[in-house]
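Contents: one structure, followed by commentary.
Keep in mind that this is a model prediction, so the values were computed, not measured. Only heavy atoms go into these numbers, but all of them, side chains included; no hydrogens, no water, no symmetry mates. So that the names make sense, note that chain A is the first sequence line, chain B the second, and so on, each numbered from 1.
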Protein chains: 2
Amino acid sequence: MNIGAASKASGVSQRMIRHYEQIGLIPGAPRRDSGYRDYSEADVHRLRFIANARDLGFAISEIGTLLALWSDQNRASGEVRSLALAHAEELGRKARALEAMRQTLLTLAQQCHGDERPDCPILQRLED
Amino acid sequence: MNIGAASKASGVSQRMIRHYEQIGLIPGAPRRDSGYRDYSEADVHRLRFIANARDLGFAISEIGTLLALWSDQNRASGEVRSLALAHAEELGRKARALEAMRQTLLTLAQQCHGDERPDCPILQRLED
DNA sequence: GCTTGACCCTGACATGATGTAAAGGTCCAA
DNA sequence: TTGGACCTTTACATCATGTCAGGGTCAAGC
């Protein structure tokens, strides 16, 4: 399977497939005489795994660990679980930070009459 | 005032002050004979404005608009308000996306016994 | 006056994940 | 055989920020 087909089947862009190969996240695909990369179903499976992990917000480095655990038949599920929980906590931190910014903005916007007059509590707050 | 003092007074790193100057977010500071940049209180004031806006998650391009509105005595507060509300909505979108990822992970982690056994619903989910 | 340490300058490289574009080789069907 | 769709590598861009190197400046103390 060429990289284009592997990309379509996995949902990972060609650009990122090559990138993952370059940074060592996935092994280099075997090449045909033409130099074209050749992918198997198992490769596509792994790429889909990566895409799913990205969709859950895991960073590339974490995905490296997940891939290692995935292919380790003797893994302890506790390891995967604590990695997931740590990541969930990090996501929560980020979400709360964004939400706090949002609340601040909503509060300020509420205090702003928002008409033609130049007077504006939002700008005043940014000044302090 | 040298850039170091301006940085301390405003909370913006020297690196970022130079960067903001380079991308045109702030005007270039006047130079002494030595080539050192020289900052006024007004400059520090503007830098603090930028730092506050960054803390509220505004992107540089948005801050450019905010700075223009800030220095426009004839601005309509409605403009600032709608910019802030649009940004708040964007923050909400991001926060909700992170929260959804987090919930998915927590649900999966709950279904994972998390012990020495290799069986793990989290990895199974990533496979699909 | 000289040294020393703290400060400043520019330029470059790095991050993380991804897109895009250029310049060129390959494959297949008509 | 030709055209179009595909592949290759390389390089540059994004966004905000850090850090480092190699060099100039300033001020205080000797």
Going by number, which of residues 84-95 of chain A have a non-hydrogen atom under 4.0 Å from DNA chain D?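 The stretch gives none, as no residue of it lies under 4.0 Å from the strand.
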Which residues in residues 8-27 of chain B have a heavy atom closer than 4.0 Å to any atom of DNA chain D?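 By residue number: B:Ser13, B:Arg15, B:Met16, B:His19, B:Tyr20.
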Provide, to the nearest angstrom, the distance between the [atom1] atom belonging to [X] and the [atom2] atom belonging to [N].
| X | N | atom1 | atom2 | result |
| --- | --- | --- | --- | --- |
| A:Met1 | C:dC27 | CE | C1' | 18 Å |
| A:Asn2 | D:dC7 | CG | P | 5 Å |
| A:Leu47 | C:dA17 | CG | P | 16 Å |

Answer yes or no: does a side-chain N or O of A:Arg54 lie under 4.0 Å from OP1 or OP2 of C:dG16?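 The answer is no; no side-chain N or O of A:Arg54 sits under 4.0 Å from OP1 or OP2.
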Just to verify, which of A:Ile122, A:Thr107, A:Asp119 counts as forming a side-chain contact (heavy atoms from CB on, under 4.5 Å) with A:Cys112?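 With A:Cys112 as partner, side-chain contact (heavy atoms from CB on, under 4.5 Å) holds for just one option, A:Ile122.
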With distance as the sole test, does [X] use its side chain to make a donor-acceptor pair with the main-chain N or O of [Y] at under 3.5 Å?
| X | Y | value |
| --- | --- | --- |
| A:Ser77 | B:Arg117 | yes |
| A:Asn52 | A:Phe49 | no |
| A:Asp38 | A:Arg31 | no |

A:Gln110 CD: over 12 foreign heavy atoms closer than 6.0 Å: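 Atom CD in A:Gln110 is not crowded, with 12 or fewer foreign heavy atoms closer than 6.0 Å.
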Using a 6.0 Å cut-off, check whether atom CZ of B:Arg81 has over 12 heavy atoms from anything other than its own residue.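 Counting neighbours around CZ of B:Arg81, more than 12 heavy atoms of other residues, nucleotides or ligands fall under 6.0 Å, so yes.
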Of all of residues 31-40 of chain B, which get a heavy atom below 4.0 angstrom from DNA chain C, listed by number?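 DNA chain C contact set from residues 31-40 of chain B: B:Arg31, B:Gly35, B:Tyr36, B:Arg37.
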Along DNA chain D (nearest heavy atom to each residue), the more 5'-positioned of A:Gly4 and B:Phe58: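 Going by which nucleotide is closer to the 5' end, it is A:Gly4.
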Are any of the side-chain nitrogens in B:Glu21 or B:Arg15 under 4.0 Å away from the carboxylate oxygens of its partner?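 Looking at B:Glu21 and B:Arg15, the cut-off is not met.
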Using a strict cut-off of less than 4.0 Å between a Lys/Arg side-chain nitrogen and an Asp/Glu carboxylate oxygen, indicate whether B:Glu99 and B:Arg96 qualify as a salt bridge.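 Between B:Arg96 and B:Glu99 there is no salt bridge, as every charged N stays at least 4.0 Å from the carboxylate O atoms.
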Is there a side-chain contact between A:Ile50 and A:Ile26 in this structure, where contact means two heavy atoms from C-beta onward sitting under 4.5 Å apart?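 With C-beta onward as the side chain, the pair touches.
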Parallel, tilted or perpendicular, as decided by the 30° and 60° cut-offs, for the rings of B:His45 and B:Trp70: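 If you compare the ring of B:Trp70 with that of B:His45, the planes turn out perpendicular.
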Please report the interatomic distance CG(A:Leu56) to CZ(B:Arg125), rounded to the nearest 0.5 Å.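 Taking CG in A:Leu56 and CZ in B:Arg125, the distance rounds to 6.5 Å.
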